[in-house]
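Everything on this sheet refers to the single structure shown next.
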Amino acid sequence: MAQADEHAFHAVERSRVYTSVVDQILASIRSGKFSPGTSLPAERVLANQLQVSRGSLREAIRVLEHAGVVDVRTGSGTYVTQQSGSDAAMLRAHAAVIGEHSPLDLMVARSALEPVCAEHAATSHHPGDLEAMEESIIEQDRLIREGGDVSQVDSAFHLAVAAASHNGVLLAQERMLVDLMHEQTWSELKQRSRANIGAAEQYLEHHRHVLRAIKQGDSRRAGQMMAVHMSAIETALLAEIEHADGGLGTGRLDG
């Protein structure tokens with residue numbers, strides 16, 4: 001069990017108590033001061049080291065527990081989990097601090113939903129649905145050539161695919177995911193990944209493959225092509241996370 005280290009933490013500014021508590025605990029875990037399986041200092045001791053109220057500390061611990069960084073065991077203590085230092089856990093904690101969702105969690109949901117939308121679009125689409133997808137691809141191509149922001153038209157394509165499924169539940173879920181993609185953490189990370197050489201063109205080509213399969217009524221191919229697209233996005237996001245400050249560090253992605 002880890003011993004309380006009076007030099008592990010320092011007092012934080014009152015104007016940013018909540019964020020700083022999470023950041024300091026994450027930094028201490030990432031640096032190895034608290035390794036997986038060890039416990040954090042007792043609540044009273046930790047609050048004293050940080051010079052914050054127990055209420056602020058508990059809220060920070062709740063965020064870290066939700067992110068999978070710590071495991072709170074009633075009557076025993078707060079323990080650092082085995083996955084605590086992973087980029088996924090760090091990113092989830094960072095997003096939670098500002099009231100957002102982890103881009104990696106969002107990708108899990110997208111990877112589960114969007115291939116299904118494409119499969120059903122292949123067998124249920126109307127002529128107008130194909131036109132909507134084609135128009136978004138044409139506009140996406142134009143924006144890429146002109147160096148414009150393709151985020152909105154990119155989302156329009158995915159919404160058009162979901163709409164072409166003619167399944168109201170699938171469309172409602174896709175709309176919810178698109179709304180989540182307006183969050184700052186996702187937007188910044190995706191924008192950086194899309195800026196990599198050839199990334200925007202690759203995503204556009206994926207859209208063309210998906211549309212081609214839908215036009216042909218090939219549900220299996222449409223789902224596969226959308227799954228390939230989701231996998232490429234996730235790989236690019238992971239690369240950006242790894243690149244940010246040589247890893248997430250305290251979980252920040254800004255800069």
Side-chain angles (χ1 to χ4, degrees), residues 91 95 100-122 125-165 170-171 173-216 218 221-244 253-255:
L91 182 58
E100 295 186 352
H101 299 79
S102 165
L104 297 182
D105 289 345
L106 181 52
M107 279 310 307
V108 170
R110 291 190 68 188
S111 296
L113 179 71
E114 299 209 26
V116 176
C117 290
E119 289 175 5
H120 285 271
H125 66 269
H126 296 169
D129 299 321
L130 296 178
E131 291 176 7
M133 285 181 266
E134 288 171 344
E135 288 174 4
S136 68
I137 285 177
I138 291 171
E139 180 65 7
Q140 186 176 0
D141 183 41
R142 182 187 69 79
L143 288 170
I144 290 173
R145 285 186 283 103
E146 295 177 359
D149 182 0
V150 301
S151 56
Q152 186 172 348
V153 70
D154 183 286
S155 295
F157 175 80
H158 289 276
L159 281 170
V161 172
S165 74
L170 290 177
L171 179 57
Q173 293 300 307
E174 181 62 23
R175 283 173 174 160
M176 180 189 70
L177 292 177
V178 168
D179 285 343
L180 293 179
M181 284 188 278
H182 291 137
E183 292 181 344
Q184 178 183 346
T185 308
W186 168 272
S187 297
E188 291 180 355
L189 196 59
K190 182 66 186 296
Q191 196 66 31
R192 288 210 300 271
S193 70
R194 193 187 281 118
N196 291 329
I197 296 175
E201 291 80 3
Q202 180 191 43
Y203 296 159
L204 174 59
E205 191 61 24
H206 289 167
H207 286 183
R208 288 179 173 138
H209 285 310
V210 170
L211 175 56
R212 187 175 301 117
I214 291 174
K215 278 184 174 181
Q216 294 170 348
D218 190 337
R221 178 72 172 171
Q224 288 177 335
M225 289 299 95
M226 186 63 85
V228 167
H229 183 43
M230 292 296 106
S231 179
I233 294 172
E234 183 175 16
T235 297
L237 291 178
L238 286 169
E240 282 304 315
I241 292 169
E242 200 58 41
H243 176 72
L253 281 171
D254 46 314

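Keep in mind that the numbers below use all heavy atoms, side chains included, and drop hydrogens, waters and symmetry copies. Owing to the predicted nature of the structure, the values given are computational and were not obtained by experimental measurement.
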Hey, what do you get for [atom1] ([X]) to [atom2] ([Y]), rounding to the nearest 0.5 Å?
{"X": "E139", "Y": "I144", "atom1": "CD", "atom2": "CD1", "result": "10.5 Å"}
{"X": "L91", "Y": "W186", "atom1": "CG", "atom2": "CH2", "result": "10.5 Å"}
{"X": "L104", "Y": "L189", "atom1": "CG", "atom2": "CG", "result": "7.5 Å"}
{"X": "D141", "Y": "E146", "atom1": "CG", "atom2": "CD", "result": "9.5 Å"}
{"X": "Q140", "Y": "M133", "atom1": "CD", "atom2": "CE", "result": "13.5 Å"}
{"X": "L211", "Y": "H206", "atom1": "CG", "atom2": "NE2", "result": "14.5 Å"}

Check: [X] side chain, [Y] main-chain N or O, donor-acceptor pair, under 3.5 Å:
{"X": "S111", "Y": "V108", "answer": "no"}
{"X": "D129", "Y": "H126", "answer": "yes"}
{"X": "E114", "Y": "M226", "answer": "no"}
{"X": "S231", "Y": "A227", "answer": "no"}

Is there side-chain contact between [X] and [Y], with heavy atoms separated by less than 4.5 Å?
{"X": "F157", "Y": "V210", "value": "yes"}
{"X": "H207", "Y": "V161", "value": "no"}
{"X": "S102", "Y": "T185", "value": "no"}
{"X": "L204", "Y": "I137", "value": "yes"}
{"X": "R221", "Y": "Q216", "value": "no"}
{"X": "S151", "Y": "R194", "value": "yes"}
{"X": "I233", "Y": "R110", "value": "yes"}

Quick check: closest heavy atoms across [X] and [Y], and the distance to 0.1 Å?
{"X": "Y203", "Y": "A236", "answer": "OH-CB, 3.3 Å"}
{"X": "A122", "Y": "A222", "answer": "CB-CB, 4.2 Å"}
{"X": "A163", "Y": "L171", "answer": "N-CD1, 3.8 Å"}

Please tabulate, one pair per line, all N/O donor-acceptor pairs under 3.5 Å involving side-chain atoms of residues 175-183, not counting sequence neighbours.
from	atom 1	to	atom 2	distance (Å)
E183	OE1	H101	N	2.8
E183	OE2	H101	ND1	3.0

Q152 atom CD: more than 12 heavy-atom contacts under 6.0 Å: no
Does CZ in R208 sit with more than 12 non-hydrogen atoms of other residues, nucleotides or ligands closer than 6.0 Å? yes
Describe, in one word, how the ring planes of H229 and H158 are oriented to each other, choosing from parallel (under 30°), tilted (30 to 60°) and perpendicular (over 60°). parallel
